[in-house]
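What follows is one structure encoded as structure tokens, with my remarks underneath.
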Amino acid sequence: MPEPIAIGSVNTPWGPMQLATTPRGILLIERGDDPAPLLAEVRRRLPRSDLDGTEPDHLEWLAGWIAGERRDLAPVDLRGLSDFDAAVYGAVREIGWGDRATYGDIAMAVGRPGGARAVGGAMARCPIFPAVPCHRVVRAVDGWSGWGTSGDARKRMLLDRERVDRAT
């Protein structure tokens with residue numbers, strides 16, 4: 001039986017974002033207003049999917065989270081990902097609002113001691129940020145790390161926002 005997929009977009013303070021959901025949760029989040037990359041990834045991850053034409057759940061959650069509202073994480077659908085990436089994303093979702101973990105901590109949590117670089121790779125290719133709060137993962141040596149093409153400023157802003165919100 002085909003998997004029902006809902007796809008939609010929402011405007012956020014970071015610009016338009018595309019979202020694909022299944023009945024299990026968020027499957028993909030992409031920045032931008034072109035749905036083509038999102039559709040291609042949906043087909044790769046769930047080739048037996050069926051776009052059902054409904055508006056996806058969690059559009060409001062995504063816009064609110066990016067706007068700075070403290071929200072619990074939305075459910076995710078990790079099917080179609082490698083076992084390692086799915087385990088890493090599950091472990092990262094356990095990091096609480098305002099907390100941080102190191103790449104090594106996450107590697108240990110998924111049974112891959114010494115796998116901090118592999119965890120970094122999983123973070124770099126994460127298709128469901130912010131439902132997987134990648135910004136909360138940092139280097140052990142200095143409690144910081146860059147954040148790909150989104151830039152250090154955005155990661156610092158997110159960590160600062162959570163730290164301040166947690167203190168109040």
Side-chain angles (χ1 to χ4, degrees), residues 10-22 24-32 37-38 41 44-45 56-168:
V10 63
N11 286 319
T12 75
W14 297 355
M17 298 186 86
Q18 303 289 316
L19 179 75
T21 63
T22 72
R24 297 180 188 200
I26 296 173
L27 183 71
L28 291 162
I29 299 172
E30 292 275 341
R31 290 176 45 193
L38 182 99
E41 184 62 10
R44 186 196 69 74
R45 284 188 46 199
D57 294 333
H58 313 300
L59 284 171
E60 182 182 315
W61 172 85
L62 178 61
W65 193 97
I66 289 174
E69 297 172 16
R70 183 175 180 166
R71 295 181 173 215
D72 291 335
L73 295 177
V76 295
D77 187 336
L78 300 175
R79 289 176 297 160
L81 300 171
S82 73
D83 291 344
F84 178 75
D85 284 2
V88 166
Y89 302 152
V92 171
R93 286 174 52 84
E94 297 297 319
I95 305 168
W97 185 276
D99 291 332
R100 298 177 188 183
T102 67
Y103 294 98
D105 292 337
I106 300 301
M108 291 294 291
V110 300
R112 291 275 305 268
R117 285 185 188 264
V119 168
M123 295 292 89
R125 63 183 166 266
C126 181
I128 48 179
F129 171 82
V132 172
C134 305
H135 65 287
R136 297 177 187 161
V137 183
V138 298
R139 286 187 302 245
V141 67
D142 60 3
W144 178 246
S145 61
W147 204 28
T149 59
S150 296
D152 292 354
R154 183 160 290 155
K155 182 170 183 167
R156 285 195 191 282
M157 181 272 302
L158 290 170
L159 291 172
D160 289 347
R161 172 178 89 181
E162 290 181 7
R163 187 184 42 123
V164 168
D165 186 50
R166 184 180 175 138
T168 57

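For clarity, every value in this text was computed on a predicted model and none was experimentally measured. Hydrogens, waters and symmetry mates play no part in the numbers below; they use all other heavy atoms, side chains included.
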(request) State, to 0.1 Å, how close Gly68 and Arg161 come at their nearest heavy-atom pair, and which atoms those are. (result) CA-NH1, 2.9 Å

(request) Can you sort out the partners of Pro16 under side chain to side chain contact (heavy atoms under 4.5 Å, CB included), two or more places apart, ordered by chain and number? (result) Asn11, Asp33

(message) Return the CD1 to CG distance between Ile95 and Asp105, rounded to the nearest 0.5 Å.
(response) 8.0 Å

(message) Counting C-beta onward and ignoring hydrogens, is there a side-chain heavy-atom pair between His135 and Leu159 closer than 4.5 Å?
(response) yes

(message) Take a 6.0 Å sphere around CZ of Arg71 and say whether it holds more than 12 heavy atoms from other residues, nucleotides or ligands.
(response) yes

(message) Suppose the criterion is salt bridge (charged side-chain N to carboxylate O under 4.0 Å, His left out): which pairs have a residue in residues 74-88, not counting sequence neighbours?
(response) Glu3-Arg79, Asp77-Arg79, Asp85-Arg125

(request) Name all residues meeting the salt bridge (Lys or Arg N to Asp or Glu O under 4.0 Å) criterion together with Glu60; count only those two or more places apart in sequence or in a different chain, and write none if there are none. (result) none

(request) Look up atom CZ in Arg136 and atom CD in Glu94, then write down how far apart they are to the nearest 0.5 Å. (result) 11.0 Å

(message) A side-chain contact here means heavy atoms from C-beta on lying under 4.5 Å apart; do Val132 and Val88 qualify?
(response) no

(message) Test of understanding: with salt bridge (Lys or Arg N to Asp or Glu O under 4.0 Å), list the residues that count as partners of Arg93, not counting sequence neighbours.
(response) none

(request) List in chain and number order the residues that pass side chain to side chain contact (heavy atoms under 4.5 Å, CB included) with Ala107, two or more places apart in sequence or in another chain; answer none if no residue qualifies. (result) Val119

(message) Under the rule for salt bridge (Lys or Arg N to Asp or Glu O under 4.0 Å), what residues qualify as partners of Glu30, not counting sequence neighbours?
(response) none

(message) Would you say that Leu27 contacts Thr21 through its side chain, given a criterion of any heavy-atom pair below 4.5 Å between the two side chains?
(response) no

(request) Answer yes or no: is there a side-chain heavy-atom contact under 4.5 Å between Pro127 and Leu81? (result) yes

(message) When you compare the side chain of Trp61 with that of Glu69, does any pair of heavy atoms fall below 4.5 Å?
(response) no

(message) If the condition is side chain to side chain contact (heavy atoms under 4.5 Å, CB included), which residues does Asp57 pass it with, not counting sequence neighbours?
(response) none

(request) Identify the heavy atoms of Val110 and Ala87 that sit nearest to each other, and give their distance. (result) CG1-O, 3.4 Å

(request) List the atom of Gly104, the atom of Ala116, and the distance in Å for their closest heavy-atom pair. (result) N-CB, 3.8 Å

(message) Do Val92 and Met123 have side chains that approach each other closer than 4.5 Å (heavy atoms only, starting at C-beta)?
(response) yes

(message) Has Tyr89 got a side-chain atom pairing as donor or acceptor with Ala122's backbone, closer than 3.5 angstrom?
(response) yes

(request) Calculate, to the nearest 0.5 Å, the distance between atoms CE and CZ belonging to Met17 and Phe129 respectively. (result) 7.5 Å

(message) Quick one: does any side-chain atom of Trp65 pair with a main-chain N or O of Leu73 as donor and acceptor, under 3.5 Å?
(response) no

(message) Could you work out, with side chain to side chain contact (heavy atoms under 4.5 Å, CB included) as the rule, every residue matching Ala109, not counting sequence neighbours?
(response) Ala91

(message) When you compare the side chain of Cys134 with that of Lys155, does any pair of heavy atoms fall below 4.5 Å?
(response) no

(request) Starting at OG1 of Thr102, measure out to CE of Met108 and round the result to the nearest 0.5 Å. (result) 10.0 Å

(message) To the nearest 0.5 Å, what is the distance between CG on Leu59 and OG1 on Thr12?
(response) 11.0 Å

(message) Give me the atom names and distance for the closest heavy-atom approach of Gly25 to His58.
(response) CA-NE2, 4.5 Å

(request) To the nearest 0.5 angstrom, please state how far the CD atom of Glu162 sits from the CG atom of Asp99. (result) 8.5 Å

(request) Identify the heavy atoms of Leu62 and Leu19 that sit nearest to each other, and give their distance. (result) CD2-CD1, 4.5 Å

